[in-house]
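See below for the structure under consideration.
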Amino acid sequence: PPDPKFIFFDCDDTLYRNDWKTGDRLTQKIAQYTESELGVDGAKAYELYKAHGTCLKGLLAEGLLPRERIEEYLAAVHDVSLEEIG
């Protein structure tokens, strides 16, 4: 794989302060991906997050995301603008 251009530490608004804008973007991307690619609505994706600690863990635990699609999922849901993080 190519060298990363950015390393994003997701520490729930502790490393950056932008009123959760980045977190909201990630949540929207997760909902978009789960709905369009997996047929799982955004509310269910959020329930998986609450029950399993991350949506990804929930998708895997419930057999909703094949393991071979993990990298695709991660790339899609983390494709957000980082311009506001300073």
Side-chain angles (χ1 to χ4, degrees):
D3 290 335
K5 292 181 183 179
F6 301 97
I7 297 175
F8 184 77
F9 294 96
D10 183 10
C11 294
D12 298 330
D13 215 33
T14 57
L15 294 178
Y16 50 88
R17 298 278 181 205
N18 65 359
D19 295 321
W20 293 94
K21 290 177 188 172
T22 303
D24 290 343
R25 284 192 191 106
L26 292 170
T27 299
Q28 290 171 358
K29 293 292 279 196
I30 290 168
Q32 288 171 359
Y33 182 90
T34 60
E35 289 172 6
S36 67
E37 298 294 325
L38 305 174
V40 175
D41 70 27
K44 174 67 174 176
Y46 187 66
E47 288 175 25
L48 292 171
Y49 160 74
K50 290 192 302 185
H52 297 275
T54 69
C55 182
L56 176 58
K57 283 178 63 177
L59 290 168
L60 293 170
E62 297 196 15
L64 299 170
L65 179 73
R67 294 194 84 69
E68 62 270 10
R69 292 185 68 186
I70 292 173
E71 291 298 322
E72 169 194 316
Y73 167 87
L74 290 171
V77 303
H78 290 97
D79 183 20
V80 298
S81 172
L82 302 176
E83 291 181 12
E84 292 181 355
I85 298 175

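No experiment lies behind these values; they were computed from the predicted model shown. Quick note: numbers below take in every heavy atom, side chains included, and nothing from hydrogens, waters or symmetry partners.
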Within this structure, what is the CD-SG distance for the pair E47 and C55, rounded to the nearest 0.5 Å? 10.5 Å
Student check: side-chain heavy atoms of L48 and T34 closer than 4.5 Å: no
So do K29 and Y33 actually touch side chain to side chain, heavy atoms under 4.5 Å? no
Of all residues at least two apart in sequence or in a different chain, which pass the side chain to side chain contact (heavy atoms under 4.5 Å, CB included) check with K57? H52, T54
Would you list the pairs meeting salt bridge (charged side-chain N to carboxylate O under 4.0 Å, His left out) in which at least one residue belongs to residues 30-45, sequence neighbours left out? E37-R69, K44-E62
ILVMFWY cluster, I70 and Y49 together (side-chain gap under 4.5 Å): no
Do L26 and L56 belong to the same hydrophobic cluster, where Ile, Leu, Val, Met, Phe, Trp and Tyr are linked whenever their side-chain heavy atoms lie under 4.5 Å apart, directly or via other members? no
Taking the side chain as every heavy atom from C-beta outward, state whether Y73 and L60 have any pair of such atoms under 4.5 Å apart. no
First locate atom CD of Q32, then atom CD1 of I30, and finally report the distance between them rounded to the nearest 0.5 Å. 10.5 Å
Is there a chain of hydrophobic side chains (I, L, V, M, F, W, Y, each step under 4.5 Å between heavy atoms) that links L74 to V80? no
Approximate separation, where rounding is to 0.5 Å, of R67 CZ and L59 CG: 11.5 Å
